[in-house]
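Only this structure's heavy atoms are used, side chains among them; waters, hydrogens and symmetry mates stay out. First listed ligand is number 1; within each ligand, the first listed atom is number 1.
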Amino acid sequence: MLHVNENYAKIKPTYLFAEIAHRVSAHLEANPGAKVIRLGIGDVTEPLCPAVIEAMHKAVDDEAGRAAFHGYGPEQGYAFLRDKIAKFDFQDRGIGIESDEILVSDGAKCDCGNIQELFAQDVKVAVGDPVYPVYVDTNTMAGRGDIALLPCTAANGFVPMPSDLPRGVQPDIVYLCYPNNPTGAVATRAQLQSWVDWANANKALILFDAAYEAFIRTPGIPHSIYECDGARSCAIEFRSYSKTAGFTGVRCGYTVVPKGLCAYAADGTSVELRPMWTRRQTTKFNGASYITQRGAEAIYTPEGQAQTKATIDFYLGNAKLMRKALEELGYTVAGGEDSPYLWVDVKGDSWEFFDRLLKRANIVTTPGAGFGKAGEGFIRISAFNSRENVIEAIERLKGVL
Ligand code: PLP
């Protein structure tokens with residue numbers, strides 16, 4: 001008889017966005033023609049920048065003729081892109097990461113989800129609460145049920161520290177995400193250094209999700225975990241072009257696995273992770289497309305840098321306007337400064353607040369409870385929208401709150 005992986009039954013249903021969609025369509029049915037403004041989504045709204053579009057058009061032309069045609073490329077990514085990543089994202093910032101420590105992929109979600117395949121089933125995992133659900137669900141699918149939660153609360157500035165680990169809990173793997181989805185919090189160098197020191201002292205691993213790195217504007221906030229001393233021996237980092245350069249539909253990101261980073265076999269022998277991840281990717285993934293990688297490469301040209309920065313500045317401008325308006329209305333707001341997400345303390349039930357904004361202001365947000373127990377009492381507002389919609393949404397918020 002064919003048996004299923006019963007761990008799938010343990011994953012929470014994708015209740016959050018389905019439930020939001022359900023409530024929005026019920027609202028639209030009851031109020032036909034209502035102009036709903038969606039501040040709930042985590043998808044970008046601005047198009048690709050001209051430098052990327054030009055590079056991708058050129059790459060399509062390459063694929064159109066024999067002279068520069070590219071079929072299967074290297075599974076780890078083309079050298080032209082890996083070299084630029086190493087230089088611009090790391091070496092020019094004083095971080096010693098080399099291009100052969102970078103593996104290009106079709107986005108951070110796959111890599112964040114797939115990385116756990118490298119580890120034994122009985123490793124102990126810890127995540128923040130609230131959390132980007134991929135870390136939890138992929139470990140649950142793999143049969144790791146007992147995931148420790150690190151509450152991210154106003155009391156710890158939404159940045160839990162090793163001292164927040166529940167008593168007696170000693171994880172082997174900790175997922176950290178800064179700037180954070182959903183809270184918008186950023187971690188200081190000292191905070192990240194504490195995690196790195198903790199991981200090195202405990203032979204543990206940090207899985208650092210830096211998908212929103214490009215939103216950091218506050219000087220001194222680390223853009224990479226490798227800005228911390230000793231991180232090469234205890235951390236893997238995930239990056240994404242989705243929010244950096246509007247690649248949510250194009251699909252490209254990368255993962256950094258430093259040389260010498262090890263986990264351990266049952267007999268205590270150390271095993272290097274970079275060859276394992278390379279083997280995993282070369283076996284199960286055939287590379288991001290040539291056209292996509294040429295587009296990603298263009299992000300690192302002077303024009304690409306200026307254009308992608310301008311788009312992120314625009315989203316940050318949206319976030320600033322909404323944060324100011326909500327604070328003037330008396331709400332305590334976290335995030336929105338080095339992040340596209342605002343985490344608003346609604347002083348009550350997050351689904352009730354969601355309904356109130358939907359019904360009275362035609363505004364869609366994301367209830368914090370959907371990201372975990374500690375998200376109750378908050379809503380996430382996203383800055384990915386047109387300025388016109390943001391200004392209109394602020395006027396409506398002023399009307400109902
Ligand atoms: N990590 C976090 C924290 C995210 O919020 C997202 C996307 O929303 C991702 C990773 C996935 O990024 P990608 O589009 O590169 O798969």
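With salt bridges taken as basic N to acidic carboxylate O contacts below 4.0 Å, one links Lys58 and Asp62.
Listed by number with element, the atoms of ligand 1 under 4.0 angstrom from any heavy atom of Asp209 are 1 (N), 2 (C), 3 (C), 10 (C). For ligand 1, the atoms closer than 4.0 angstrom to any heavy atom of Cys177 are 3 (C). Atoms of ligand 1 lying under 4.0 Å from at least one heavy atom of Gly107, given by number and element, are 15 (O), 16 (O).
Between the side chains of Asn362 and His27, a donor-acceptor pair is found at a separation under 3.5 Å. A side-chain N or O of Asn389 and one of Lys35 form a donor-acceptor pair less than 3.5 Å apart.
Any N or O atom pair closer than 3.5 Å counts here, and Cys110 shares no such pair with ligand 1. In terms of polar-atom proximity, Arg251 is counted as a contact of ligand 1, with an N or O under 3.5 Å from an N or O of the ligand. Backbone and side-chain nitrogen or oxygen atoms of Lys109 are examined, and one is located within less than 3.5 angstrom of a nitrogen or oxygen of ligand 1.
Side chain of Asn385 to main chain of Arg38: a donor-acceptor pair is present (N/O by atom type, distance under 3.5 Å, no hydrogens or angles).
Considering only non-hydrogen protein atoms, atom 7 (C) of ligand 1 sits nearest to Lys243 NZ, 3.4 Å. At the shortest separation from atom 9 (C) of ligand 1 among protein heavy atoms lies Tyr132 OH, 3.2 Å.
Residue contact annotation: Tyr212 has a non-hydrogen atom under 4.0 Å from ligand 1.
Taking the six-membered ring where tryptophan is involved, the planes of Tyr175 and Tyr135 are essentially parallel, since the angle between them stays under 30° and well short of 60°.
Of the heavy atoms in Ser242, only side-chain atoms (C-beta onward) come closer than 4.0 Å to ligand 1.
Residue Asn180 comes nearest to Ser339 through the heavy atom pair O-OG, 4.3 Å, listed as atom of the first residue, atom of the second, then distance.
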- [ ] Apply the test ring pair (Phe, Tyr, Trp, His ring centres under 6.0 Å) to residues Tyr212 and Tyr132: give CA-CA distance (whole Å), side-chain angles for both, the deciding distance (0.1 Å), then the verdict.
- [x] CA-CA 12 Å; Tyr212 296 92; Tyr132 177 56; 8.3 Å; no

